[in-house]
Amino acid sequence: MVYDAHRHIGVLPAYPFYGGPPVNPDTTARATVKQLIADLDAEGTERALVIPNYGVPDPAIAFSFNELAIEAAQTDDRIRAGLWISPRPEDEQRTAQALELAGEQGVKALKLSFLLGGRPTDPACRPHLDRIFAEAARHGLVVHVHTSPGAASDIDEVGHLVDWYAGQVPVHLVHFGGGMSGHIKLVGSRFFDWITAGKHVYTDLSWAIGFAPRWLAQEIERRGVGHDRVLFASDQPWGDFTGEFARLAEATGGGELGRLVFEDTFATLYD
């Protein structure tokens with residue numbers, strides 16, 4: 001049984017990333033619910049949380065896929081929807097419209113990413129973050145937050161959201177810090193400190209550097225906490241289902257931890 005806690009739907013336009021020519025690096029992006037369901041069938045994925053695709057620096061595109069994610073959730077009971085929202089003042093109206101959909105059937109999460117702008121510690125973003133997390137609490141939703149080293153997505157920045165809000169709202173740290181510094185900070189202490197402090201913090205190991213899944217599994221066993229806070233995520237089309245599955249299956253083994261990672265924790269949060 002495989003439950004995927006983080007993948008995307010929607011096809012982005014080509015974009016000239018990093019000063020190069022316009023390209024579409026997300027080669028397995030899916031434009032329709034039918035295509036998405038075919039992927040789930042081919043993988044044998046029994047449940048999936050589906051979030052709007054994003055990556056080009058135009059938030060309007062990500063917002064435009066919210067209704068597609070809801071359509072997917074309302075088409076197939078295997079699918080749950082996450083909605084794209086933003087704490088940027090410039091996105092206030094679009095975020096308000098997205099939050100009006102938070103009570104729709106199948107919606108289970110809100111997705112935050114600072115890759116398209118904003119910062120957790122920016123005073124201009126804080127009122128909008130307060131509203132987003134208040135709506136998540138009201139509807140019983142999980143808030144997904146992209147993490148990656150440096151800038152506004154670094155765990156030192158994103159960690160403030162755990163400190164401020166995860167006492168009341170589950171916070172899913174996508175990509176487990178996203179790189180060397182984040183992995184070491186989280187496994188070394190911070191992830192477990194948050195758990196023992198009563199924070200509702202979760203994570204996935206998509207994009208993780210090779211050592212991280214194995215080290216995290218070892219620390220969970222050694223410390224005796226965190227078994228129920230880690231989820232499998234493919235991050236399709238930016239990740240690779242086969243590779244992500246193989247790495248995490250090897251690290252967690254076929255026992256209780258593996259069952260929690262690939263099935264039970266997802267069921268607790270989203271079923």
Side-chain angles (χ1 to χ4, degrees), residues 5-6 8 49-52 54 59 62-63 65-66 69-70 73 80-148 151-178 182 186 190-191 193-204 228-231 233 265-266 268-271:
H6 170 209
H8 300 277
L49 181 75
V50 175
I51 295 166
Y54 73 101
F63 278 107
F65 294 141
N66 276 339
I70 292 174
R80 310 291 183 257
L83 301 179
W84 178 267
I85 41 86
S86 168
R88 300 192 324 150
E90 303 94 312
D91 294 328
E92 181 177 9
Q93 183 175 357
R94 286 182 292 216
T95 293
Q97 293 170 344
L99 291 174
E100 290 178 359
L101 302 173
E104 289 286 322
Q105 178 186 345
V107 174
K108 297 293 183 180
L110 303 176
K111 174 62 181 279
L112 272 176
S113 175
F114 298 96
L115 291 180
L116 304 189
R119 196 176 194 97
T121 52
D122 182 348
C125 291
R126 186 62 188 270
H128 304 286
L129 286 168
D130 287 346
R131 180 183 180 190
I132 287 165
F133 279 89
E135 288 298 298
R138 186 164 75 91
H139 290 284
L141 305 178
V142 180
V143 176
H144 282 227
V145 188
H146 173 90
T147 65
S148 56
S153 296
D154 191 89
I155 197 63
D156 290 342
E157 280 281 336
V158 171
H160 290 296
L161 303 181
V162 179
D163 293 330
W164 297 335
Y165 302 112
Q168 295 76 39
V169 176
V171 175
H172 178 152
L173 299 174
V174 175
H175 307 317
F176 196 58
L186 287 169
R190 204 169 303 181
F191 185 60
D193 291 345
W194 279 325
I195 293 171
T196 56
K199 300 299 185 183
H200 304 291
V201 60
Y202 296 81
T203 195
D204 68 64
D228 57 347
R229 303 303 181 93
V230 182
L231 302 105
T265 302
F266 182 105
T268 298
L269 283 178
Y270 302 117
D271 290 345

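Under the 30°/60° scheme for interplanar angles, the aromatic rings of Trp84 and Tyr54 are found to be tilted. Relative ring orientation between His8 and His6 is described as perpendicular, the plane-to-plane angle rising above 60° on a 0-90° scale split at 30° and 60°.
We find the CG-CG distance between Asn66 and Leu83 to be 4.5 Å, quoted to the nearest 0.5 Å. The CG atom of Leu112 sits 12.5 Å away from atom NE2 of His128, with the distance rounded to the nearest 0.5 Å. Atom CG of Asp193 sits about 12.0 Å away from atom NZ of Lys199, to the nearest 0.5 Å. Annotation: the span from Arg190 atom CZ to Asp156 atom CG amounts to 5.0 Å, rounded to 0.5 Å. For the atom pair Asp91 CG and Leu116 CG, the distance stands at 8.5 Å (nearest 0.5 Å). Distance check, rounded to the nearest 0.5 Å: CG of Asp154 to CZ of Arg119 gives 8.5 Å.
The minimum heavy-atom distance linking Gly118 with Cys125 is given by the pair CA-SG, 3.9 Å. Among all heavy-atom pairs drawn from Leu49 and Ala5, the shortest one is CD2-O, 3.5 Å. Of all heavy-atom pairs between Ile155 and Gly182, the closest is CG2-CA, 4.2 Å. Heavy atoms only, all atoms of each residue included: Ala81 and Ala69 are closest at CB-O, 3.5 Å. Of all the heavy atoms in Val158 and Ser153, the pair that sits closest is CG2-O, 3.6 Å. Looking at every heavy atom in both residues, Pro59 comes nearest to Arg88 through CG-NH2, 3.6 Å.
His144 and His146 share no side-chain donor-acceptor pair at under 3.5 Å.
Lys108 places no side-chain N or O within donor-acceptor distance of the main-chain N or O of Val142, the cut-off being under 3.5 Å. A donor-acceptor contact shorter than 3.5 Å links the side chain of Arg229 to the backbone of Val201. No donor-acceptor pair closer than 3.5 Å links the side chain of Thr95 to the backbone N or O of Ile85. With Arg80 contributing its side chain and Tyr270 its backbone, the two residues share a donor-acceptor pair below 3.5 Å. At least one donor-acceptor pair under 3.5 Å links the side chain of Thr147 to the backbone N or O of Val174.
Sequence neighbours left out, the pairs with a member in residues 130-142 that pass side chain to side chain donor-acceptor pair (under 3.5 Å) are Arg126-Asp130, Asp130-Tyr165, Glu135-Arg138.
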Evaluation steps, side chain to side chain contact (heavy atoms under 4.5 Å, CB included), between Phe133 and Leu110: CA-CA 9 Å; Phe133 279 89; Leu110 303 176; over 6 Å; no
Step by step, work out the side chain to side chain contact (heavy atoms under 4.5 Å, CB included) result for Thr268 and Asp228. CA-CA 9 Å; Thr268 298; Asp228 57 347; over 6 Å; no
Going through the distances and angles, do Thr265 and Val230 end up as a side chain to side chain contact (heavy atoms under 4.5 Å, CB included)? CA-CA 7 Å; Thr265 302; Val230 182; over 6 Å; no
So Tyr202 and Leu269, side chain to side chain contact (heavy atoms under 4.5 Å, CB included) or not? Walk me through it. CA-CA 10 Å; Tyr202 296 81; Leu269 283 178; 3.8 Å; yes
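At least one side-chain heavy atom of Leu115 sits under 4.5 Å from a side-chain heavy atom of Ser148.
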